[in-house]
Amino acid sequence: MNLYKFGKAVCSAFLKSMYRIEIQGIENVPAEGGILLCSNHINNFDPPLVGVAAPRDVHFMAKAELFSMPVLKTILPMINAFPVKRGMSDKQALRNGLGILKEGKVLGLFPEGTRSKTGELGQGLAGAGFFALKSEAAVVPCAIKGEYKRGKKITVSFGKPIDFTEMRVQKASAKDATNLIMLNIEKLLKESVS
């Protein structure tokens, strides 16, 4: 068992012991090819939750500060995380992300860039749109709905891939592309209210 699968198993056991996890729309995640997986962000547990829910290994960007912490700097790369400097254009992180997509892997992003303090969906940053336009990856919206309180239900919903063909041809802006992603996440959030 590789470290990613082990980590996924540990996270799954922990999350399922704390919350009632429901996964919807798993059939919307393509079985192969590059995927840009974009989710809302409400809690620090969102990355492991999305990683557990997704049927394929997910590579996440993580804030660069985490890679300077003694234990995390060793563990994070082993579970497919790579650093991004927040608040600036990090060209190396963008190159890393595009490389993951071009290799036919899954790149997980939280377009808001930070956790929502209210639980409401915030504005998306242009980075998600950049990856959507500069790659041929399938763009899959994801919505996390529920409260991270013991025994409560949390739903992870995967939506159908968003068609970016027209936007790529028209050379749309990264911001416009991100706005389309956010609209699809918002739609999923409304659908997954139960």
Side-chain angles (χ1 to χ4, degrees), residues 2-4 7-8 11 28-41 44 46-69 72-116 121-144 156 158-159 161-165 167-169 171-185:
N2 68 26
L3 193 62
Y4 184 90
K8 184 170 179 172
C11 288
N28 293 322
V29 182
E32 53 188 42
I35 296 174
L36 179 63
L37 185 59
C38 296
S39 175
N40 62 317
H41 197 6
N44 284 330
D46 292 343
L49 179 64
V50 172
V52 163
R56 293 173 57 188
D57 293 3
V58 183
H59 299 251
F60 282 107
M61 283 185 176
K63 58 184 179 182
E65 303 90 84
L66 296 176
F67 287 81
S68 60
M69 296 180 178
L72 288 177
K73 71 179 177 186
T74 304
I75 293 172
L76 286 171
M78 297 166 107
I79 55 169
N80 299 343
F82 63 97
V84 61
K85 293 175 186 143
R86 297 201 298 180
M88 61 186 83
S89 178
D90 185 340
K91 289 185 177 158
Q92 185 57 51
L94 294 176
R95 278 195 292 271
N96 287 345
L98 280 177
I100 286 163
L101 295 172
K102 285 178 180 169
E103 287 169 17
K105 297 176 180 173
V106 182
L107 176 63
L109 280 188
F110 298 97
E112 294 158 284
T114 190
R115 292 185 317 279
S116 166
L121 190 64
Q123 288 288 315
L125 304 176
F130 169 84
F131 288 120
L133 295 172
K134 295 287 184 191
S135 71
E136 294 296 316
V139 182
V140 176
C142 175
I144 301 167
V156 182
F158 298 104
I162 306 163
D163 186 359
F164 270 92
T165 310
M167 276 198 159
R168 286 170 182 151
V169 169
K171 301 197 181 317
S173 73
K175 188 63 184 160
D176 285 345
T178 296
N179 289 343
L180 179 59
I181 293 169
M182 299 309 286
L183 280 172
N184 278 268
I185 294 173

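Remark: side-chain polar atoms of Lys175 are paired, donor with acceptor, to backbone N or O of Gly124 under 3.5 angstrom. With Arg56 contributing its side chain and Pro30 its backbone, the two residues share a donor-acceptor pair below 3.5 Å.
Looking only at side-chain heavy atoms (C-beta outward), Asp57 and Lys105 stay at 4.5 Å or farther from each other. Side-chain contact check for Ile100 versus Phe82: some heavy-atom pair is nearer than 4.5 Å. A 4.5 Å side-chain heavy-atom check between Ser39 and Ile185 finds every atom pair outside the cut-off. Residues Phe60 and Asp46 are not in side-chain contact: their nearest non-hydrogen atoms beyond the backbone lie 4.5 Å or more apart. For the pair Pro47/Phe110, a side-chain contact is recorded, criterion being any heavy-atom separation below 4.5 Å from C-beta on. Considering only heavy atoms from C-beta on, Pro111 comes within 4.5 Å of Cys38 through its side chain. The side-chain heavy atoms of Arg168 and Glu136, taken from C-beta on, include a pair separated by under 4.5 Å.
The CG atom of Leu109 lies 8.0 Å from the CD1 atom of Ile181; values are rounded to the nearest 0.5 Å. Expressed to the nearest 0.5 Å, how far CG of Leu133 lies from NZ of Lys171 amounts to 10.0 Å. Distance check: Ile162 CD1 to Leu183 CG gives 9.0 Å after rounding to the nearest 0.5 Å. Remark: Met61 CE to Lys85 NZ distance equals 12.5 Å, nearest 0.5 Å. Residue Cys11 holds its SG atom at 9.0 Å from OH of Tyr4, rounded to the nearest 0.5 Å. A distance of 6.5 Å separates OG of Ser135 from CG of Leu36, quoted to the nearest 0.5 Å.
Contact between Phe131 and Leu98 at its shortest, heavy atoms only, is CE2-N, 3.6 Å. The two residues Asp176 and Met167 come nearest to each other via the heavy atoms O-CE, 3.6 Å. Between Val50 and Ile144 the shortest heavy-atom distance is CG2-CD1, 3.7 Å. For the pair Ala93 and Pro83, the tightest heavy-atom approach, listed with the atom from each and the gap, is CB-O, 3.6 Å. Residues Ala54 and Lys8 approach most closely at O-NZ, 2.8 Å, considering heavy atoms. Closest of all the heavy-atom pairs between Leu37 and Cys142 is CD1-CB, 4.1 Å.
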Worksheet item: Going through the distances and angles, do Leu180 and Phe164 end up as a side chain to side chain contact (heavy atoms under 4.5 Å, CB included)?
Response: CA-CA 9 Å; Leu180 179 59; Phe164 270 92; 4.0 Å; yes

Discussion item. The test is side chain to side chain contact (heavy atoms under 4.5 Å, CB included); show your working for Glu112 and Leu125 and say whether it passes.
Written reply: CA-CA 6 Å; Glu112 294 158 284; Leu125 304 176; over 6 Å; no

Worksheet item: Hey, mind stepping through Phe158 and Val156 against side chain to side chain contact (heavy atoms under 4.5 Å, CB included) and telling me if it holds?
Response: CA-CA 7 Å; Phe158 298 104; Val156 182; 4.0 Å; yes

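Residue-environment remark: CD (Gln92) exceeds the threshold of 12 foreign heavy atoms within 6.0 Å.
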